[in-house]
Student: 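Mind having a look at this structure? Questions to follow.
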Amino acid sequence: MRRVGESFALSGRIRGKALGKDVGALRLELEPEAPPVAFALLDQFDCPLGKSHRALIEAEGKLILLAAQAGGREQPAARSGHFIADLQPGPVGEALSDLSPLRSLLALGQGRMVVRRATLLDEEEKTQARAWLRRLEPDGPGAVVTLVELQYLRGYDLAFDQLRRRLRGAAPHIELEALAESLFPGTPAYEAKPQVPLAPGEPAARAAAALIGAHIAVARQNEGGVIADIDTEFLHDYRVSLRKVRSVLSLFRGVYDAALTDELKRAFSDLMAPTGRLRDLDVYLLERDLYFDLLPATLHSGLSAMFDLFARERAAEQAKLARRFGEQAYADQIGRLQRVFAEPDALAKGPMADYPVLGYARKLIWARYHKVCKLAAEITDKTPDNEVHALRIGCKKLRYLMEFFAPLFPASQMAPLIKPLKRLQDGLGLFNDYAVQQQSLRALLATPGADLRDDAEAIARSVDALIAILHQRQLEQRARLTDSFAGFDNAELRARFAAQFHDGGETA
């Protein structure tokens with residue numbers, strides 16, 4: 001296996017006396033510190049870089065990416081925006097291609113950086129190993145951390161290993177995953193899909209309250225990003241979190257009093273309602289390049305006019321939602337719901353409230369799986385779109401249940417069940433997207449006054465062409481759904497579901 005560099009983090013400032021002057025038969029030369037410069041630690045909101053043991057530093061007009069098992073890369077920091085696609089071509093942008101293109105890079109914190117180089121030299125003053133020590137001193141109360149970047153020089157494996165051991169022994173080690181928290185204490189951890197611990201014998205009502213409380217908290221973490229309009233994923237995650245809350249209320253039948261359940265579902269629907277149009281517009285604008293690729297250049301002027309309309313409407317909708325999130329009435333509304341589920345024993349119970357959650361989970365998942373299989377078996381190439389849509393909703397509810405209750409079951413047994421469900425759900429989602437896009441485009445043409453615009457004719461031609469193409473793609477996707485059904489509803493998978501949820505499989 002070809003060796004590469006290595007990076008790691010150490011606690012505090014690394015002084016020369018901690019490293020010594022000699023490493024075996026080699027001389028360790030520690031260059032003087034460079035003058036301090038400003039730095040920022042960058043990541044996306046859900047911190048995929050930290051979670052994958054990488055650190056991205058911006059300093060002195062450069063982006064510096066350090067990876068635990070790959071050393072360092074650099075490129076100019078100049079960029080047209082804060083998304084991965086906005087970076088200049090270069091080794092850092094290349095290495096970040098696995099990150100979400102929909103999430104913006106954010107500064108998790110700032111401070112001062114001091115750099116010095118350590119070199120291992122032989123008796124002929126030839127370099128056999130090299131490392132850069134970047135001391136990060138945060139603005140504020142965080143700890144000082146030294147990032148070490150080891151450069152591997154081919155043919156000098158022993159020197160590389162010696163320098164690595166010497167540097168690693170100079171101070172306590174810090175995982176790159178914990179770098180942000182070390183530098184900037186209180187950096188909020190964000191998980192769009194929180195794993196809520198559940199005990200098998202826990203009452204179903206308390207489990208439901210824990211799940212709902214966790215997902216309200218996720219929604220609230222996204223409010224600031226929606227207000228600042230950092231990227232579209234903040235609103236997406238906000239909506240998904242509240243949708244999951246409503247799913248718990250709908251799917252956990254009998255856990256809470258029926259009247260209370262209806263009241264809570266209405267309350268969460270009221271929270272979500274003002275976000276719908278903005279999300280629709282976000283989806284359209286994210287598909288802009290695809291739409292242009294679908295149509296010939298002769299129809300692009302109509303598309304440009306249509307997207308100009310969407311962009312102006314989106315700006316107005318975003319400003320309106322930002323104002324709403326900043327109002328005291330909104331804070332009171334969602335804060336009251338948070339407090340409701342912080343005291344689960346005060347909620348009016350239904351007949352299943354005290355049912356042990358493990359047995360309740362098996363009962364719900366098995367019933368929902370059986371219903372999905374029944375719906376899937378009835379789908380043909382003549383099935384109306386609304387029935388295909390009903391299957392998609394059924395799959396979504398089944399997946400939500402399996403994700404909610406995942407802590408109760410062995411991960412090794414849940415993953416093979418969720419994977420084919422996700423494949424089916426993705427296919428149904430694509431089919432639904434084509435159908436919804438056609439409906440929305442027709443609605444655009446039917447908007448009062450739409451035919452009075454100067455560019456109305458160009459927009460109408462482009463929209464008509466798009467609808468025709470989307471309809472054809474929807475038909476093609478319907479034909480592919482048959483294979484997805486077969487991959488999900490088969491004897492082997494039925495036996496797995498039965499063993500885990502119907503016949504009483506083992507717990508985690």
Student: Can E233 and R103 be counted as an ion pair, charged N to O under 4.0 angstrom?
Tutor: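 Result for this pair is no, no salt bridge flagged.
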Student: Please step through side-chain contact (heavy atoms from CB on, under 4.5 Å) for the pair E58 and R79, ending with a clear verdict.
Tutor: CA-CA 12 Å; E58 181 173 2; R79 51 193 182 270; 3.0 Å; yes
Student: Not counting sequence neighbours, which residues clear ring pair (Phe, Tyr, Trp, His ring centres under 6.0 Å) with F234? List them please.
Tutor: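 Expected list: F45.
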Student: Would you please name every residue forming a salt bridge (charged side-chain N to carboxylate O under 4.0 Å, His left out) with R480, sequence neighbours left out?
Tutor: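 Expected list: none.
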Student: If the condition is ring pair (Phe, Tyr, Trp, His ring centres under 6.0 Å), which residues does H300 pass it with, not counting sequence neighbours?
Tutor: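 Once residues adjacent in sequence are excluded, the partners of H300 under the ring pair (Phe, Tyr, Trp, His ring centres under 6.0 Å) criterion are F292.
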Student: When you compare the side chain of L417 with that of L493, does any pair of heavy atoms fall below 4.5 Å?
Tutor: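 Side-chain contact under 4.5 Å: yes.
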Student: So do Q338 and R220 actually touch side chain to side chain, heavy atoms under 4.5 Å?
Tutor: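 With C-beta onward as the side chain, the pair touches.
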Student: Where do L179 and A55 come nearest, in terms of heavy atoms and distance?
Tutor: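 What the structure gives for the nearest pair is CD2-CB, 3.7 Å.
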Student: When the side chains of residues 347-356 are checked against the rest of the protein, which donor-acceptor pairs come out under 3.5 Å, sequence neighbours left out?
Tutor:
unit_1 : atom_1 : unit_2 : atom_2 : d
K349   : NZ     : D354   : OD1    : 3.3

Student: To the nearest 0.5 Å, what is the distance between OG (S269) and CG (L249)?
Tutor: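 The CG atom of L249 is 9.5 Å from OG of S269, to the nearest 0.5 Å.
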Student: Kindly write out the residues that satisfy ring pair (Phe, Tyr, Trp, His ring centres under 6.0 Å) with F325, not counting sequence neighbours, or none if the list is empty.
Tutor: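 If we apply the ring pair (Phe, Tyr, Trp, His ring centres under 6.0 Å) test to F325, skipping adjacent residues, the hits are Y238, Y330.
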Student: Enter the distance from L286:CG to T232:OG1 here, rounded to the nearest 0.5 Å.
Tutor: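 Rounded to the nearest 0.5 Å, the CG-OG1 separation comes out at 4.5 Å.
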Student: Going by the rule side chain to side chain contact (heavy atoms under 4.5 Å, CB included), which residues pair with R243 if we only count those two or more places apart in sequence or in a different chain?
Tutor: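 With neighbours one apart ignored, the set is R239, V240, M272, K396, Y400.
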Student: Just so I know, are the side chains of L56 and L96 near enough to count as touching, which here means a heavy-atom distance under 4.5 Å?
Tutor: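 Yes; the side chains approach each other to less than 4.5 Å.
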Student: Find out whether L108 and C47 are in side-chain contact, i.e. whether some heavy atom of one side chain is under 4.5 Å from a heavy atom of the other.
Tutor: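 Counting from C-beta outward, L108 and C47 do come under 4.5 Å.
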Student: What's the separation between atom CG in D43 and atom CG in L49, rounded to the nearest 0.5 Å?
Tutor: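 Separation between the atoms: 4.0 Å.
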Student: Within a 6.0 Å radius of atom NE2 on H53, are there more than 12 heavy atoms belonging to other residues, nucleotides or ligands?
Tutor: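 Above 12, so yes.
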Student: Rounded to the nearest 0.5 Å, how far does CG of L408 lie from CG of L198?
Tutor: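 Answer rounded to 0.5 Å: 5.0 Å.
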Student: Measuring from atom CG of L295 to atom CG of D464, what distance do you get when rounded to the nearest 0.5 angstrom?
Tutor: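 Reported value, rounded in 0.5 Å steps: 10.5 Å.
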Student: Is the side chain of D455 donor-acceptor paired with the backbone N or O of A458 at a distance under 3.5 Å, no angle test?
Tutor: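 Judged by distance alone, no pair lies under 3.5 Å.
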Student: Once the angle between the rings of F501 and F409 is folded into 0 to 90°, is it parallel (under 30°), tilted (30 to 60°) or perpendicular (over 60°)?
Tutor: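 The arrangement is perpendicular - the two ring planes meet at more than 60°.
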Student: What heavy-atom pair brings C395 and L424 nearest, and what distance separates the two atoms?
Tutor: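 Smallest heavy-atom distance, with atoms named: SG-CD2, 3.7 Å.
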Student: Quick check: do L271 and L337 have side-chain heavy atoms less than 4.5 Å from each other?
Tutor: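 L271 reaches L337 side chain to side chain.
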Student: Over all heavy atoms of both residues, which pair between L63 and A77 is shortest? Give the atoms and the distance, please.
Tutor: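 Residues L63 and A77, closest heavy atoms: CG-CA, 3.7 Å.
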Student: Grab the two heavy atoms, one from G302 and one from S462, that are nearest each other, plus how far apart they are.
Tutor: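 Closest approach of G302 to S462: CA-OG, 3.3 Å.
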Student: Tell me, which pairs form a salt bridge (charged side-chain N to carboxylate O under 4.0 Å, His left out) where one or both residues lie in residues 318-329, sequence neighbours left out?
Tutor: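 Every salt bridge (charged side-chain N to carboxylate O under 4.0 Å, His left out) pair that includes a residue of residues 318-329, provided the two are not neighbours, is E317-K320.
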Student: Could you list all the salt bridge (charged side-chain N to carboxylate O under 4.0 Å, His left out) pairs where at least one residue sits in residues 264-293, not counting sequence neighbours?
Tutor: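 For residues 264-293, and leaving out neighbouring residues, the salt bridge (charged side-chain N to carboxylate O under 4.0 Å, His left out) pairs sorted by first residue read R277-E313, D282-R314.
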Student: Could you walk me through whether L481 and V388 pass the side-chain contact (heavy atoms from CB on, under 4.5 Å) check?
Tutor: CA-CA 10 Å; L481 287 177; V388 180; 4.2 Å; yes
Student: Sub-3.5 Å donor-acceptor pair from the side chain of E223 to the main-chain atoms of A219, do we have one?
Tutor: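 Answer holds: no.
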Student: Taking only residues two or more places apart in sequence, or in another chain, which ones meet A208 in a side chain to side chain contact (heavy atoms under 4.5 Å, CB included)?
Tutor: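 A208: side chain to side chain contact (heavy atoms under 4.5 Å, CB included) contacts with V248, F252, V255, Y256.
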Student: Scan for salt bridge (charged side-chain N to carboxylate O under 4.0 Å, His left out) pairs involving residues 401-418, sequence neighbours excluded, and state none if there are none.
Tutor: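 For residues 401-418: K193-E403, K244-E403, R399-E403.
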Student: Around K51, counting heavy atoms of other residues, nucleotides and ligands shown, do more than 12 lie under 6.0 Å from its NZ?
Tutor: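 Result for NZ/K51: enclosed.
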Student: Determine whether L428 and Q425 make a side-chain contact, defined as any pair of heavy atoms from C-beta on separated by less than 4.5 Å.
Tutor: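 They are not in side-chain contact.
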Student: How about E378: does its CD atom have over 12 heavy atoms from other parts shown lying under 6.0 Å from it?
Tutor: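 Correct, the count exceeds 12.
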Student: Are D231 and Q44 close enough that a side-chain donor and a side-chain acceptor fall under 3.5 Å?
Tutor: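 No, no side-chain donor-acceptor contact under 3.5 Å.
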Student: Rounded to the nearest 0.5 Å, how far does CG of L41 lie from CG of L106?
Tutor: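 One finds 11.0 Å between CG of L106 and CG of L41.
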Student: Charged N to carboxylate O below 4.0 Å: is that the case for D426 and K422?
Tutor: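 Salt bridge: yes.
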Student: Could you tell me whether the side chain of Q221 and the main chain of A189 form a donor-acceptor pair under 3.5 Å?
Tutor: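 Side chain of Q221 to backbone of A189: a pair is present.
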Student: Hey, does P48 have a side-chain heavy atom less than 4.5 Å from the side chain of R54?
Tutor: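 No, too far: nothing below the 4.5 Å cut-off.
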Student: Which pairs with one or both residues in residues 470-490 pass ring pair (Phe, Tyr, Trp, His ring centres under 6.0 Å), sequence neighbours excluded?
Tutor: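 Every ring pair (Phe, Tyr, Trp, His ring centres under 6.0 Å) pair that includes a residue of residues 470-490, provided the two are not neighbours, is Y369-F488.
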Student: Which heavy atom in V196 sits nearest to a heavy atom in P407, and how many Å separate them?
Tutor: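 Here V196 and P407 meet closest at O-CG, 3.3 Å.
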Student: Evaluate Q477 against D433 for side-chain contact (heavy atoms from CB on, under 4.5 Å), listing each step before the verdict.
Tutor: CA-CA 11 Å; Q477 182 60 26; D433 288 346; over 6 Å; no
Student: Dump the intermediate steps for ring pair (Phe, Tyr, Trp, His ring centres under 6.0 Å) on F341 and H215, then the final yes or no.
Tutor: CA-CA 11 Å; F341 290 99; H215 286 92; over 10 Å; no
Student: Sorted by first residue and then second, give each salt bridge (charged side-chain N to carboxylate O under 4.0 Å, His left out) pair with at least one member in residues 331-346; sequence neighbours left out.
Tutor: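 Matches after skipping sequence neighbours: R206-D345.
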Student: Does atom CD (E457) have a neighbourhood of more than 12 heavy atoms from anything else shown, all under 6.0 Å?
Tutor: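 No - once you tally the heavy atoms of other residues, nucleotides and ligands closer than 6.0 Å, there are 12 at most.
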Student: List the steps and the verdict of side-chain contact (heavy atoms from CB on, under 4.5 Å) for R478 and D385.
Tutor: CA-CA 10 Å; R478 181 192 282 273; D385 289 357; 3.1 Å; yes
Student: State, with a plain yes or no, whether a side-chain heavy atom of L87 is found less than 4.5 Å away from one of Q75.
Tutor: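 Sidechains of Q75 and L87: in contact.
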Student: Return the minimal non-hydrogen interatomic distance between D237 and A192, and the atom names on each side.
Tutor: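 Heavy atoms only, the tightest pair is OD2-CB, 3.7 Å.
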